[in-house]
J.: 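Can you keep this structure in mind? I'll have questions shortly.
A note on names: the letters A, B, ... follow the listed sequences, proteins ahead of strands, and every chain is numbered from 1.
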Amino acid sequence: MTDEVLGIFKAISDEVVPQAEILRDLDAKIGDGDLGITITRGMEAVMSVSRDLQGTPASNQLARSGMAFNRAAASTFGVLFATAMMRGGAVVKDREDVGAADIAAIGRAALQGLMDRGKAKIGDKTLLDALSPAIEAFDEAHTSGKSLKEATDAAVDACQAGTTATIEMQSRVSRAGWLGERSIGVQDPGATAVLFMLQAAQSWVNANT
Amino acid sequence: MTDEVLGIFKAISDEVVPQAEILRDLDAKIGDGDLGITITRGMEAVMSVSRDLQGTPASNQLARSGMAFNRAAASTFGVLFATAMMRGGAVVKDREDVGAADIAAIGRAALQGLMDRGKAKIGDKTLLDALSPAIEAFDEAHTSGKSLKEATDAAVDACQAGTTATIEMQSRVSRAGWLGERSIGVQDPGATAVLFMLQAAQSWVNANT
Amino acid sequence: MAMRKIINDPELVEDQTIAGILKAFPDYLKRIDGSTRALIRADAPVAGKVGIATGGGSGHLPLFLGYVGKGLATGACVGNVFSSPSSDDMLDVTKAIDGGAGVLYLYGNYSGDTMNFDMASEMAEVEGITVKTTLGRDDVTSAPIAEINRRRGVAGIVFGFKIAGAAAEEGRDLDAVHSVAEKAIFNTRSMGVALSGTTIPAAGIPGFSVAEGQMELGMGIHGEPGVEVSPLLTADEIAGKMLDRILPDLPFSSGDTAAVLVNSLGATAPEELYILFNKAEEILRDRGIKIHRTLVGEYATSMEMAGASISICKLVDDDMVKLLDAPAYSPLLTQHFGR
Amino acid sequence: MAMRKIINDPELVEDQTIAGILKAFPDYLKRIDGSTRALIRADAPVAGKVGIATGGGSGHLPLFLGYVGKGLATGACVGNVFSSPSSDDMLDVTKAIDGGAGVLYLYGNYSGDTMNFDMASEMAEVEGITVKTTLGRDDVTSAPIAEINRRRGVAGIVFGFKIAGAAAEEGRDLDAVHSVAEKAIFNTRSMGVALSGTTIPAAGIPGFSVAEGQMELGMGIHGEPGVEVSPLLTADEIAGKMLDRILPDLPFSSGDTAAVLVNSLGATAPEELYILFNKAEEILRDRGIKIHRTLVGEYATSMEMAGASISICKLVDDDMVKLLDAPAYSPLLTQHFGR
Ligand SMILES: Nc1ncnc2c1ncn2[C@@H]1O[C@H](COP(=O)(O)OP(=O)(O)O)[C@@H](O)[C@H]1O
Ligand SMILES: Nc1ncnc2c1ncn2[C@@H]1O[C@H](COP(=O)(O)OP(=O)(O)O)[C@@H](O)[C@H]1O
Ligand SMILES: [Mg+2]
Ligand SMILES: [Mg+2]
Ligand SMILES: [Mg+2]
Ligand SMILES: [Mg+2]
């Protein structure tokens, strides 16, 4: 893996930014409505550091891109994105030979980072509820010998299910938590953003493997 | 004259307060729109001191009523009303035998008081343009032997003409003065208030002489 | 538009405001017996010192009551919202603050106020109190320079309070206090813009309004007409238009030293004032005018009106600088923390 | 509703605001090299003294930048309007204000802020700077008392700045400063009402709104949901509703001494705040609660939002009283006159 990480970020920028309005609307319902602009400004920043990161180790590409995102669009989502990228990247620190076999470990470290940072639990109606099942599904598929493409498809399916499941959940943390029961009935915006990002990664896998 | 002054104030209260909206609208056009409420609150205050003034000299009734008006509704109109009443009253200070023969002198002293206080000239588009011709007409009618009723009618006619003439004038003083040419075309609210007051006095004369 | 105000009975707005102020700052301010519309410094009258009285309509806080304080005015009275106080209240204030050295009347040039203050000063003379008067008349858009005495007073009067107040605090006599007040007012020029109107509580309807998406350049603080209605301009354009009228008027010239006040009319946020000042400072710097001191915030408002004004005071001599820099305290301007 | 703001490019609101503040008060505040979103005291770092860093979204002036000053916070950074500053900016502030005695983070409990400040504190520890954190969490309507740590911070944080700032100024160590900050925050309770929404400049559309003739009780300063939507109540009713929730929450009891802050969210005029305080004072007096000090004005706003909040801080010991009464100065709170 040399610049695959940057390729995936490019795919996310291309596919998720056009869906920013959907994220804005969900966040306006149970948050403060800034998630659309956060994704737009954050990915713009990721794209603009991308060229300088070419040829550097994947760990560096992940960490620097995450930091660029949060610097441009600091927010709950921004700092969580940065944390995930830094903690995920640390798993493969300075290694040149990062490949599909590392993805589950990177994902789990990222997830742990998110939980450390956000102190939320699975079921609290956050992006954890989208990401956690995706990582598990990927890991299971991959360890049982499935291809990268198949494992990615499994991850996206699980992510979709996890995201949908947030609709019925009551938020217990952060901004949506202040809504109490009124948070039930709306799909979590952060989970939705994670789903869109994984779908973009899936497109990249389909196009490049 | 014992409580005639109070009777006239009562007539003014009865007849002018219901026309407050007209004064408000004129003042809103070339002033700040408070003249309606000024007249309402001011005359209310005059009425409420009226009982205490019964049987006191006309000079005292005039001065105290004017002061009550301005205390309740301080403003350009309020302080001019108070000044006119105090200065007019001073002409017949403590006299018990005030009558129709004193009216022109009282009016002239009031007018001089207004000019001292407001430093405006005839033609500046103020209430002076309504009051000054009225006093002159009254004086002329009275000195040429006309009855109180006839002299009052002459005064009101002159006042009406003077008030109408303010429409074409450009204001040179106070709030309307800041409008410059844009003050032309609107009848002066203060002049209109004076006209309404004299018309009320005329009703009183018609009913009581 | 319905009223969006936190009030009780509209007729009680003025009295309950004053009651709240007195309860909030009992160490600094006191009532005059029998008057619900007047406030004086807790230590007034100060024997041997000139008293400074001000006043005007309610609805302009911190004007006028907020300028009663050490190194500022000694007493103030207010009328109904946007209406003059009565000459009786003014006389009460005058008597309550006279420490034997006379009283300066310092207030804005509106006919209701001037006639009532003039009447009060005549009554005060009868009571043996010497009164002198200085009128705030800083709004450059309200009359041409040739008729400067017809101009209305807006936020620029703040420099008058500060400079005359410091002179009175120092113990200067009435003539001297009057003369620095005149100097401060004469050297101050202001211009405002309005982005919305305001609603007078007792009327319940907008006293005046500015159309959506429009602004009025030069509109006065009670909705007095401005010089131009225009679509909403940028902050930089507004600063430019204001200084284009303010600077030539005195004029302010290269090498001058000045104090600058960027004032919110109420609803306009501090952020916007600083953005406005950011440009004003650049313009003044380009013209070679040195800023000695900057004030930014709510100094003279019209309730919830959106808009702002810039006032510039030329500091023509060292005495003015010294008086401007002297300590001053009012709990409505700087009530924040202990001192 | 169109935007009624005096700005230039909506994307430049934050940077131009800070530029204006720095130009207005160069004697008191300075930039950190390379950061357009941070300000520190001109004399920072103060060797041997604890630094206090704060921050949060732009659009709340005088929060946060306005609390940088002597006896208050040492540095602050802001994000976009209503958005967190980044951990990088926070780290820059932390490094710039550390005088060797460590740094207290004191800011409001919003997840974007907490996560970014936490990240900054981890980075600061790597740089050898000890950091402790106190979160403003005074809004009683945002979560039940059992979940007090989920509550959001609103204007009550002002008491935290004042009390912790005085302790740092005195030279107390980080543990001691942190402990009085916690004590101040723990003993402070607030509640707000909103009468209108506000427009985020970069979005150009109302961030949230309140229907004409309605008010939202307990709405947060970014439009977070309140506890009840009701027709516009009177000032007395509002004061009653607020104190009915605030007083039992801590609880405040007869014989307690407290400081009171009546805060405008922006468009609400000082007159209204004093009318609100007039009733609040009566209720507190009836309950036997002694008011030691009152603050009334704009302390934490949401741009041009109409609304107000009341915060009450129980002064539980003489040390708190002493720290609250200690001198403090920020040019955005008390920029008025020379000192
Ligand atoms: N403590 C938390 N842990 C993990 N994810 C969280 C947490 N709090 C919020 N989130 C996620 O962040 C999303 C909101 O992000 P964002 O709009 O940036 O928040 P804010 O605007 O409140 O800073 C939520 O939809 C949720 O998925
Ligand atoms: N200098 C003056 N001398 C005489 N009358 C004046 C003067 N200025 C204004 N007026 C009169 O006062 C009227 C306005 O009164 P009022 O509404 O009380 O004024 P304001 O609201 O500006 O205090 C004007 O219509 C005019 O007739
Ligand atoms: Mg959000
Ligand atoms: Mg009028
Ligand atoms: Mg008026
Ligand atoms: Mg946000």
J.: Of the backbone (N, CA, C, O) and the side chain (C-beta and beyond), which part of B:Ala28 lies under 4.5 Å from a heavy atom of chain C, both, or neither?
T.: neither
J.: Tell me, do B:Val79 and C:Ser84 make a side-chain contact under 4.5 Å, heavy atoms counted?
T.: no
J.: Working to the nearest 0.5 Å, report the span between OG1 of B:Thr83 and CE of C:Met115.
T.: 8.5 Å
J.: For the residue pair C:Gly112 and B:Thr76, what are the closest heavy atoms and their distance?
T.: N-OG1, 2.9 Å
J.: Starting from the C-alpha separation in whole Å, work towards a yes-or-no answer on side-chain contact (heavy atoms from CB on, under 4.5 Å) for B:Val173 and C:Ser111.
T.: CA-CA 9 Å; B:Val173 292; C:Ser111 59; over 6 Å; no
J.: Measuring from B:Arg175:CZ to C:Ser142:OG, what's the distance to the nearest 0.5 Å?
T.: 11.5 Å
J.: Heavy-atom distance under 4.5 Å between the side chains of B:Lys119 and C:Asp118, does that happen here?
T.: yes
J.: At a 4.5 Å cut-off on heavy atoms, which part of C:Asp88 comes close to chain B: side chain, backbone, both, or neither?
T.: side chain
J.: Under a 4.5 Å heavy-atom cut-off, does chain B meet the side chain of C:Arg152, its backbone, both or neither?
T.: both
J.: With only heavy atoms counted, which part of B:Asp34 is less than 4.5 Å from chain C, the side chain, the backbone, both or neither?
T.: side chain
J.: For C:Asp113, is it the side chain, the backbone, both or neither that has a heavy atom under 4.5 Å from a heavy atom of chain B?
T.: neither
J.: Return the minimal non-hydrogen interatomic distance between C:Asn80 and B:Ala72, and the atom names on each side.
T.: ND2-O, 4.2 Å
J.: Determine, for B:Arg172 against C:Glu147, whether the closest basic-nitrogen to carboxylate-oxygen distance falls under 4.0 angstrom.
T.: no
J.: Is there a side-chain contact between C:Glu224 and B:Asp32 (heavy atoms, below 4.5 Å)?
T.: no
J.: Under 3.5 Å, side chain of C:Arg150 to main-chain N/O of B:Gly177, donor-acceptor pair present?
T.: yes
J.: Just wondering, are more than 12 heavy atoms of other shown residues or ligands nearer than 6.0 Å to CD in C:Glu182?
T.: yes
J.: Distance from B:Met67 atom CE to C:Ser86 atom OG, nearest 0.5 Å?
T.: 9.5 Å
J.: Is chain C contacted by the side chain of B:Ser75, its backbone, both, or neither, given a heavy-atom distance below 4.5 Å?
T.: backbone
